[in-house]
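Just so it is clear, the model here is predicted, and its values are computed rather than measured. Quick note: residue numbers are just sequence positions, from 1.
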Amino acid sequence: MTTWLNMSLQDGASPIMEQLVFFHDHVLMIMLMITTTVSYMMITLIRNKQTSRFMLEGQMIETTWTIAPAIILVFIAMPSLRLLYLMDEVHNPALTLKAVGHQWYWSYEYSDFTKLEFDSYMIPQEEQQESTFRLLDTDNRIVLPMNSPIRLIVTAADVLHSWTIPSLGVKTDATPGRLNQTSFSINRPGILYGQCSEICGANHSFMPITIESVPAKHFINWASK
């Protein structure tokens with residue numbers, strides 16, 4: 001999760017998020033090179049006092065600054081399209097989780113199990129322990145197996161919500177009367193935190209999401225209780 005003075009993205013807990021971090025760094029380096037080149041040219045032109053009344057056109061430089069941006073955009077678009085395809089593709093899921101947004105809490109249903117569903121509320125401040133995080137921990141955590149493809153179905157019961165886990169690279173809108181679908185895979189054990197990312201009312205900032213990633217054996221033991 002994000003900590004104080006953290007200026008970068010959260011550590012990726014899924015293959016998609018790791019690819020998103022790599023793509024972010026890739027585009028950032030291209031932007032740095034463009035900014036450096038343009039700044040150098042502007043400073044050079046400002047400080048250059050030489051003029052030429054015979055220079056009326058420069059076809060070579062015009063051709064260069066037309067073709068170069070097109071090539072740069074190709075280097076940005078190709079990995080971006082690849083990532084969009086990977087994020088939209090839903091492979092054979094090992095588990096389906098349905099999240100329903102309410103004002104202001106989440107309900108979860110494990111579609112592959114019989115009557116495995118619960119509501120998840122934020123832990124009130126007066127009931128928190130030293131090991132819990134303020135405004136982020138919930139009374140019922142989502143338990144999911146690691147290294148397993150998981151399909152997430154998101155909807156809402158009242159107003160617009162958004163189910164978001166930054167470290168997984170997942171942000172899916174919860175729309176009343178509509179089922180939105182996404183998929184992810186958690187590649188390490190631990191506890192992942194998120195919040196509703198849609199302004200859904202007065203208690204919008206009190207809809208935390210807590211995922212506990214465990215090995216598949218522990219998940220089966222939890223689900224069979």
Counting only N and O atoms by type, is there a donor-acceptor contact under 3.5 Å from the side chain of [X] to the main-chain atoms of [Y]?
X	Y	answer
Ser148	Met146	yes
Asn48	Thr44	no
Ser213	Arg188	yes
Ser224	Asn221	yes
His161	Thr175	no

Under a 3.5 Å threshold, yes or no: a donor from one side chain and an acceptor from the other, between [X] and [Y]?
X	Y	value
Ser162	Ser197	no
Thr96	Arg151	yes
Asn187	Glu18	yes

How far apart are the closest heavy atoms of [X] and [Y], and which atoms are they?
X	Y	answer
His204	Cys196	CE1-O, 3.0 Å
Arg134	Gln128	CA-NE2, 3.0 Å
Pro166	Gly194	CD-CA, 4.1 Å
Ala223	Phe113	CB-CE2, 3.7 Å
Pro208	Leu136	CB-O, 3.3 Å
Thr66	Glu62	OG1-O, 2.8 Å

Rounded to the nearest 0.5 Å, what separation is found between the [atom1] atom of [X] and the [atom2] atom of [Y]?
X	Y	atom1	atom2	value
Met122	Thr210	CE	OG1	10.5 Å
Ile153	Arg178	CD1	CZ	13.0 Å
Lys98	Asp112	NZ	CG	13.0 Å
Leu192	Asp11	CG	CG	11.0 Å
Met33	Thr36	CE	OG1	9.0 Å
Met41	Trp65	CE	CH2	7.0 Å

Is [Y] reachable from [X] through a run of hydrophobic residues whose side-chain heavy atoms are each under 4.5 Å from the next?
X	Y	answer
Tyr85	Met87	yes
Val27	Phe22	no
Phe184	Met17	no
Ile30	Val38	yes
Ile209	Met207	yes

Is the shortest side-chain heavy-atom distance between [X] and [Y] below 4.5 Å?
X	Y	value
Ile186	Ser14	no
Glu212	Trp222	no
Leu95	Phe219	yes
Thr164	Val170	no
Leu135	Phe206	yes
Gln103	Val159	yes
Leu160	Pro176	yes
Leu97	Ile142	yes

(message) Determine whether His102 and Asp158 satisfy the following criterion, side chain to side chain contact (heavy atoms under 4.5 Å, CB included), listing intermediate values before the conclusion.
(response) CA-CA 6 Å; His102 302 269; Asp158 35 49; 3.9 Å; yes
Which word best sums up how the rings of Phe118 and Tyr110 line up, parallel for under 30°, tilted for 30 to 60°, or perpendicular for over 60°? tilted
From CA spacing to verdict: side chain to side chain contact (heavy atoms under 4.5 Å, CB included), Trp104, Cys200: CA-CA 8 Å; Trp104 285 271; Cys200 57; 3.5 Å; yes
Are there more than 12 heavy atoms of other residues, nucleotides or ligands under 6.0 Å from atom [atom1] of [X]?
X	atom1	answer
Ile199	CD1	no
Asn92	CG	no
Asn140	CG	yes
Gln129	CD	no

Only one of Leu73, Ile72, Ile71 passes side chain to side chain contact (heavy atoms under 4.5 Å, CB included) with Phe75, and that residue is Ile71
Which of Ile191, Leu168, Ile150, Thr138 passes side chain to side chain contact (heavy atoms under 4.5 Å, CB included) with Ile211? Answer is Leu168
- Message: Could you go through Ser107 and Asp119, starting from their C-alpha distance and side-chain angles, then the distance that decides it, and tell me whether this counts as side chain to side chain donor-acceptor pair (under 3.5 Å)?
- Response: CA-CA 4 Å; Ser107 296; Asp119 296 332; 2.6 Å; yes
Derivation and outcome, side chain to side chain contact (heavy atoms under 4.5 Å, CB included), residues Asp25 and Met29
CA-CA 6 Å; Asp25 297 340; Met29 289 303 300; 5.6 Å; no
